[in-house]
Amino acid sequence: MYTKDGVKTFTAGEDLAKGRRVKLSSGSGTQVEYADAADDYIGVTLAAADSGDSVPVALKRAYPGTVEVEAAAAISAGATIYGAADGKVGTTSSGTDKFGVALEAASAAGAVIEAVMDD
């Protein structure tokens, strides 16, 4: 099986919201769960999914466009963003590679913004 246009479908290992960073579940190549601040991630969910359902993921280093991500706190447009808890993004580095750049400002936690994944 191959991936087209940088999107691959996985099985949700927990209830997942749209626009959150995910990692492979331990010991699995087909199931994903939220990536926390210090976790490396494989991509961003393009839709919400209940645990056990299929979820499309925009793969980092493969997805050709921008993505919508959920902010963990207020973010300025143009800010460098990093992974935060529960798959969200923020401006504080927690030992992970940077996620990318915010193209829009987030007024508070829970805001969904457009960003460039450059990891």
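Just so you know, these numbers use all the heavy atoms, side chains as well, and skip hydrogens, waters and symmetry mates.
- Of the candidates Val44, Val67, Asp40, Asp40 is the only one forming a side-chain contact (heavy atoms from CB on, under 4.5 Å) with Lys60.
- Not one N or O on the side chain of Glu114 forms a donor-acceptor pair closer than 3.5 Å with the backbone of Thr66.
- Separating the CD1 atom in Ile75 from the OG1 atom in Thr80 is a distance of 11.0 Å, to the nearest 0.5 Å.
- Other residues, nucleotides and ligands contribute at most 12 non-hydrogen atoms within 6.0 Å of the NZ atom of Lys18.
- With hydrogens and angles ignored, the 3.5 Å screen pairs a side-chain donor or acceptor of Arg21 with a backbone N or O of Ala84.
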Start with the C-alpha gap between Phe99 and Met117, add the side-chain angles, then the distance that decides, and say whether side chain to side chain contact (heavy atoms under 4.5 Å, CB included) holds.
CA-CA 6 Å; Phe99 174 84; Met117 278 192 291; 3.2 Å; yes
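- Judged purely by atom type and a 3.5 angstrom limit, Asp15 has no side-chain atom pairing as donor or acceptor with the backbone of Asp50.
- Hydrophobic clustering (ILVMFWY, side-chain heavy atoms < 4.5 Å, transitive): Val22 and Leu24 are in one cluster.
- Between Val112 and Val69, the closest side-chain pair of non-hydrogen atoms is not below 4.5 Å.
- Closest of all the heavy-atom pairs between Thr30 and Ser28 is N-OG, 3.0 Å.
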Apply side chain to side chain contact (heavy atoms under 4.5 Å, CB included) to residues Leu16 and Tyr34 and explain how you reach the verdict.
CA-CA 7 Å; Leu16 298 172; Tyr34 287 140; 3.6 Å; yes
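- Ionic pairing of Lys98 and Asp118 is present here: one or more N-O contacts between side-chain nitrogen and carboxylate oxygen are shorter than 4.0 angstrom.
- Between Val55 and Ala47, the shortest heavy-atom distance links the atoms CG2-O, 3.5 Å.
- Between Phe10 and Ile42, the closest side-chain pair of non-hydrogen atoms falls below 4.5 Å.
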Apply side chain to side chain contact (heavy atoms under 4.5 Å, CB included) to Asp86 and Asp36, showing your working.
CA-CA 5 Å; Asp86 294 327; Asp36 282 323; 3.9 Å; yes
Could you go step by step and tell me if Ile113 and Leu103 meet the side chain to side chain contact (heavy atoms under 4.5 Å, CB included) rule?
CA-CA 7 Å; Ile113 60 170; Leu103 297 179; over 6 Å; no
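- At least one donor-acceptor pair under 3.5 Å links the side chain of Thr45 to the backbone N or O of Arg20.
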